[in-house]
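Below, read A as the first sequence line, B as the second, and so on, with proteins coming before strands; counting in each chain starts at 1.
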Protein chains: 2
Amino acid sequence: MDLEAVRTFVAVAEAGQFQKAAADLSITQQAVSKRIATLERTLGVRLFTRGPRGAELTIDGQAFLPHARELLRVAERAGASVCPGHRPLRVDVIASRSAQSGLMRGFHHAHPEIDLDVMMLLDIETAVAAIRSGAIDASFRAVAAPGRPLPEDIESVRVLDEPLQLMTGPAHALAGARSVTLAQLTGHRIWMPGILPGSEWAAYYDDLVAEFGLTIEATGPNFGSDALLDTIADTPALATFMGEPTRLVWPADHGLRRIPVTDPTPVYPHSLLWHRDNPHPALATLRAHLAALAAGHDAAGTWTPDWVIPH
Amino acid sequence: MDLEAVRTFVAVAEAGQFQKAAADLSITQQAVSKRIATLERTLGVRLFTRGPRGAELTIDGQAFLPHARELLRVAERAGASVCPGHRPLRVDVIASRSAQSGLMRGFHHAHPEIDLDVMMLLDIETAVAAIRSGAIDASFRAVAAPGRPLPEDIESVRVLDEPLQLMTGPAHALAGARSVTLAQLTGHRIWMPGILPGSEWAAYYDDLVAEFGLTIEATGPNFGSDALLDTIADTPALATFMGEPTRLVWPADHGLRRIPVTDPTPVYPHSLLWHRDNPHPALATLRAHLAALAAGHDAAGTWTPDWVIPH
DNA sequence: AGCAATCCACAACAATCAGTTGTTCACTAA
DNA sequence: TTAGTGAACAACTGATTGTTGTGGATTGCT
């Protein structure tokens, strides 16, 4: 199926006749006739009834028309997604940090007129390089990792503190607790698969380990949160940290326990990074939106690594 | 932008290299190289970084990939929408009878796996002809009009009785009523623009007029329910009939009044029509869905023309 | 370092396709 | 009957696409 043919089909459907459509498209009537004939042959149905007064849509044509329009719309969006100059705002989020995509969902809901492309890059180095090159406009990260200050042309602001909760199976020693303190977790095994060594997460949990003496195991690849929760539910000796789920649903018989952590509550600090000179107009809107959300947070009783940039 | 090029792009992105993608598409590696080069030229950006180990997506490529996949998905749905043999279930509804599209929304919600094409044909003759020819699978209509029995190969079942309510502006004589009877409407002017003479609606309201002596004016073209409600709100002498709105929203300051009609309540009978021999598997599902909804209705205290097929 | 293997790009050629001009056919209105 | 309108067919031409053949760049093995 040829997009030009589809475009021609829509033009004829709107014009009501081949000749006018040809004029609209700046081609000859014969070319339109050929394109429609080819399209009809590929689809295997007749799209127009040709009469002496022009062309009218058949029932099949009427059914096809909205799909054709949708196809052209999607094609235009696809082209615009990489159009240098005025493409959608490209925001990078960390995979499996649902709080970040939750923020972007909220932004999209508040500003549905702004075209967005939410992406997931590999690591903060890639993200920073992409921001500096202009390939992406903003990135959600937990910055800055210790000893790796951001380049001068990258700006950042802390936008969300995500309180971490403890997830355990029903047979875990702490399964019955209404809440636990970080100190109570000393000696317990916390499983956080999929954390890359050297990443900002690794630094975060390294600090947590150093300060409170938990055992954090980052071994094994990350098979997704479903697999993680399956294992947690079945393994009495294991627990994991997780943010407040925004819309997470798991089978009720899993028996998973979600236990708040207090005194202090470890929070995972999300920051937004962008290039000092990025001219994308939607970037300012995003920053304003996030700034409005972040206003008035309370840092009392929470814990973050001391290298985290302050508010 | 060429759909074959987009398909090639996705194949390369999935294969990770041009050669394997070429094998998957049963063309030569050089053809793949050319297609990608052309696509990159049209889009104006580089989509892959070519290395000695294959091709990797650039950031632009990563942003484009989901759009490309969506494009192929939509193209496939567009083709399937007219595919003879196993196309989506085609159901015809009457324009501006929101209760019918409401029923179809409910069906779609209950059976999201069933592909649907909801269409709006002109009149019942067209619809019956389309059903007999197999061009559409089902049609919502108010049948049968007096003196025009359905052909023998068309089956029908009454699926929804839609109670009509009176809509008036704030200055209308009945604006303050909690409810009105049909007899109270004698002499009042009811405006129902856009009703075609000879249509099933016309027959419905003709009977209503004959029995209760209202004045129904069907003059003027239908500019849509927004324009209709605007006029009703501003004209003290006019009112109109309307079904229970499913999700209708109008500006609060319109001052429109929605008044139930009783003793009896006129109901607009919606029926589903289909061809006796239609083999579409989803048609049976739709009939079962609607039959479950229609079960156990109560005809007491309602009015329909006596030519309406009974339950 | 040398060599083979892998992978992509360029060049030349063949086949096909799309668009144009010229013309014919079908139907309607005067 | 005769214009007039609108679409389809035919022949031609230029452009596009895919093929084969080949070259350049990088990696890994010996």
Checklist entry - Looking at residues at least two apart in the chain, or sitting in another chain, which of them share a salt bridge (Lys or Arg N to Asp or Glu O under 4.0 Å) with A:Glu4? => result A:Arg7, A:Arg35
Checklist outcome for this item: Contacts of B:Glu76 meeting salt bridge (Lys or Arg N to Asp or Glu O under 4.0 Å) (sequence neighbours excluded), chain-then-number -> none
Checklist outcome for this item: The side-chain contact (heavy atoms from CB on, under 4.5 Å) partners of B:Pro151 (sequence neighbours excluded) come to B:Val128, B:Arg132, B:Asp153, B:Ile154
Item to check | Qualifying residues under salt bridge (Lys or Arg N to Asp or Glu O under 4.0 Å), relative to B:Asp115, sequence neighbours excluded | outcome: B:Arg77
Checklist outcome for this item: Those residues at least two apart in sequence (or on a different chain) that pass salt bridge (Lys or Arg N to Asp or Glu O under 4.0 Å) with B:Lys34 are none
Checklist outcome for this item: Reading nucleotides 23-30 of chain D from 5' to 3' and marking B where a protein heavy atom lies under 4.0 Å of the base, S where only the sugar-phosphate is that close, and - otherwise, the string is ---SSS--
Checklist entry - For DNA chain D, which residues in residues 41-50 of chain B have a heavy atom at a distance below 4.0 Å? => result none
Which side-chain N or O atoms in residues 19-28 of chain A pair as donor and acceptor under 3.5 Å with protein atoms at least two apart or in another chain?
residue: A:Thr28; atom: OG1; partner: A:Ala31; partner atom: N; Å: 3.3

Checklist outcome for this item: Within residues 18-38 of chain B, those residues having any heavy atom closer than 4.0 Å to DNA chain D are B:Ile27, B:Thr28, B:Gln30, B:Ala31, B:Lys34, B:Arg35
Next on the checklist: side chain to side chain contact (heavy atoms under 4.5 Å, CB included) for A:Met119 and B:Ile59? Distances and angles first, verdict last.
Outcome noted: CA-CA 9 Å; A:Met119 320 186 49; B:Ile59 307 263; 4.1 Å; yes
Item to check | Pairing residues for A:Arg50 by the side-chain contact (heavy atoms from CB on, under 4.5 Å) criterion, not counting sequence neighbours | outcome: A:Phe18, A:Ile36, A:Glu40, A:Arg46, A:Phe48
Next on the checklist: Side chains of B:His275 and B:Asp137 only: does a donor on one sit below 3.5 Å from an acceptor on the other?
Outcome noted: no
Checklist outcome for this item: Here the distance between atom P of C:dA5 and atom CD of B:Gln17, to the nearest Å, is 17 Å
Item to check | A:Leu272 backbone acceptor or donor facing A:Ser156 side chain under 3.5 Å | outcome: no
Checklist entry - End-to-end bend of the helix from C:dA1-D:dT30 to C:dA30-D:dT1 (five-pair axes, 10° rounding)? => result 20°
Next on the checklist: Tell me every residue that passes side-chain contact (heavy atoms from CB on, under 4.5 Å) with A:Ala5, counting only those two or more places apart in sequence or in another chain.
Outcome noted: A:Asp2, A:Leu39
Next on the checklist: Strictly distance-based, threshold 3.5 Å: is any side-chain N or O of A:His86 a donor or acceptor partner for the main-chain N or O of A:Ala80?
Outcome noted: no
